[in-house]
Every structure is written in structure tokens, then in C-alpha cells.
Peer 1: 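Below is a structure I'd like to ask you about.
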Amino acid sequence: VQLQASGGGWVQTGGSLRLSCAASGRSFRRYAMAWFRQTPGKEREFVGGSNWSGGSINYADPHWGRFTISRESGNLVHLQMNNLKPDDTAVYFCAAEVHSDYSDYIPENPSDYEYWGQGTLVTVSS
């Protein structure tokens with residue numbers, strides 16, 4: 001099983017980036033997928049996630065209105081980030097779990113996710 005994250009890069013304050021995560025090796029169409037981010041010395045934090053269908057999306061409070069998650073298929077999820085700030089600089093990880101089983105529940109704890117992508121670096125300059 002592999003989760004491949006892409007789309008990271010360098011952008012100026014106020015700019016936008018779109019991250020994508022493609023899963024392969026098994027189907028996650030019944031389960032939640034999410035985005036986390038991490039900076040050196042800090043714990044991995046929940047950015048937002050999608051339930052199995054994409055019909056239920058949840059975001060961590062600081063990202064409401066700036067970030068948009070969309071689920072294109074059972075194994076493909078995107079993170080559109082607008083109005084980026086230097087504090088958004090981090091390595092962004094996509095994750096998938098195999099417990100929610102068609103529910104609307106979107107876990108926010110990293111320990112609830114069994115599969116992780118390799119991370120993609122987002123750098124926002126001031």
C-alpha cells in the first residue's frame with residue numbers, strides 16, 4: 001500500500017498551492033482520508049479530512065475558509081490551500097484509515113490512521 005503526496009513547493013504569502021494524495025495497493029473507498037502537517041520539534045497536527053464519500057469534510061479551526069479538501073475518488077484526495085501564511089510552512093502528510101467503514105466520522109488523531117504518505121514540503125515566504 002502506498003500513499004503518494006504531491007504538489008508541495010515554495011510560494012509567497014497570500015499564494016495558493018494544491019496538494020494531491022493518490023493511494024494505491026488497496027481501496028480506501030469505505031474509509032476516511034486526511035491531511036496532517038508537521039514542523040520540526042512539533043507534533044503532527046490535523047489539517048482536515050474527508051469521510052469515505054467526500055460528503056463530510058472537517059477542518060482544524062485555523063484552516064476554515066482558507067483550505068478546501070475534496071475527495072475525487074475513493075483513493076484520491078486533494079487539499080487546496082489559499083491565502084497561505086508563513087505559519088503554514090510545514091511538511092504535509094496525507095493519511096488513510098481503515099476503521100470508519102462508510103461512516104461520517106473523520107478521526108483527528110494521527111494514531112487513528114494506519115497508512116501515511118511520505119510527506120510533501122510546503123514553504124511560504126514572507
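If you read the sequence from its start, that first residue is 1, and numbering goes on from there.
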Peer 1: Which atoms form the tightest heavy-atom contact between Val124 and Thr89, and what is the distance?
Peer 2: N-OG1, 2.9 Å

Peer 1: Under the 3.5 angstrom rule, does the side chain of Arg30 hit a backbone N or O of Ser100 as a donor-acceptor pair?
Peer 2: no

Peer 1: What about Phe36 and Tyr113, are their ring centers closer than 6.0 Å?
Peer 2: yes

Peer 1: Would Val47 and Tyr115 show up in the same hydrophobic cluster when neighbours are defined by side-chain heavy atoms closer than 4.5 Å?
Peer 2: yes

Peer 1: Could you tell me whether a side-chain N or O of Glu114 sits under 3.5 Å from a main-chain N or O of Val98, the two making a donor and an acceptor?
Peer 2: yes

Peer 1: Report yes or no: do Val77 and Ile57 belong to one cluster of Ile/Leu/Val/Met/Phe/Trp/Tyr joined by side chain heavy-atom distances under 4.5 Å?
Peer 2: yes

Peer 1: When you group the ILVMFWY residues by side-chain heavy-atom contacts below 4.5 Å and let the links chain together, are Val1 and Trp35 in the same group?
Peer 2: yes

Peer 1: Taking C-beta and beyond as the side chain, do Leu3 and Phe93 meet within less than 4.5 Å on heavy atoms?
Peer 2: no

Peer 1: Do you know which two heavy atoms are closest between Leu17 and Val122, and how far apart they sit?
Peer 2: CD1-CG1, 3.8 Å

Peer 1: Got Thr13 and Pro86 here, is their nearest side-chain heavy-atom distance under 4.5 Å?
Peer 2: yes

Peer 1: Hey, are the side chains of Pro107 and Asn109 touching, using non-hydrogen atoms and a 4.5 Å cut-off?
Peer 2: no

Peer 1: Report yes or no: does Asn75 contribute a side-chain atom to a donor-acceptor pair with the main-chain N or O of Phe28 at less than 3.5 Å?
Peer 2: yes

Peer 1: Just by distance, do the side chain of Glu97 and the backbone of Ala32 share a donor-acceptor pair under 3.5 Å?
Peer 2: yes

Peer 1: Flag the pair Arg26 / Tyr31 as yes when at least one side-chain heavy-atom distance between them is below 4.5 Å, and no otherwise.
Peer 2: yes

Peer 1: Quick one: are Ser16 and Gln80 in side-chain contact, heavy atoms under 4.5 Å?
Peer 2: yes

Peer 1: Would Tyr59 and Glu108 satisfy side-chain contact (heavy atoms from CB on, under 4.5 Å), going step by step from the backbone distance to the final call?
Peer 2: CA-CA 9 Å; Tyr59 304 95; Glu108 298 186 8; over 6 Å; no

Peer 1: Considering non-hydrogen atoms only, spot the tightest contact between Asp88 and Asn83 and give its length.
Peer 2: OD2-O, 4.5 Å

Peer 1: Counting C-beta onward and ignoring hydrogens, is there a side-chain heavy-atom pair between Tyr92 and Leu79 closer than 4.5 Å?
Peer 2: yes

Peer 1: Kindly say whether His99 contributes a backbone atom to a donor-acceptor pair with the side chain of Tyr105 at under 3.5 angstrom?
Peer 2: no

Peer 1: Checking Arg44 against Trp116: charged group under 6.0 Å from the ring centre and within 45 degrees of the axis?
Peer 2: yes

Peer 1: Could you tell me if the side chain of Cys21 sits less than 4.5 Å from the side chain of Met33, heavy atoms only?
Peer 2: yes

Peer 1: Can you tell me how far the CH2 atom of Trp10 sits from the CG atom of Leu84, to the nearest 0.5 Å?
Peer 2: 12.0 Å

Peer 1: Side-chain heavy atoms under 4.5 angstrom apart, residues restricted to Ile, Leu, Val, Met, Phe, Trp, Tyr: same cluster for Phe46 and Val91?
Peer 2: yes

Peer 1: Between Arg37 and Ala90, is there a donor-acceptor pair closer than 3.5 Å when you use the side chain of the first and the backbone of the second?
Peer 2: no

Peer 1: Return yes if some donor-acceptor pair links the side-chain N/O of Thr120 with the main-chain N/O of Gly8 below 3.5 Å, else return no.
Peer 2: yes

Peer 1: Set out, in order, the CA-CA distance, both residues' side-chain angles and the distance that settles side-chain hydrogen bond (donor to acceptor under 3.5 Å, both in side chains) for Ser70 and His78, then state yes or no.
Peer 2: CA-CA 5 Å; Ser70 58; His78 305 287; 5.0 Å; no

Peer 1: Whether the side chain of Asn51 engages the backbone of Ser56 through a donor-acceptor N/O pair (distance < 3.5 Å, no angle test) should be reported.
Peer 2: yes

Peer 1: Indicate yes or no: at least one non-hydrogen side-chain atom of Arg66 is less than 4.5 angstrom from one of Lys85.
Peer 2: yes

Peer 1: Let me see the working for Gln38 and Glu43 under side-chain contact (heavy atoms from CB on, under 4.5 Å), right down to the final yes or no.
Peer 2: CA-CA 6 Å; Gln38 190 170 23; Glu43 294 184 353; 5.6 Å; no

Peer 1: Does Ile106 belong to the same Ile/Leu/Val/Met/Phe/Trp/Tyr cluster as Phe67, with side-chain heavy atoms less than 4.5 Å apart forming each link?
Peer 2: no

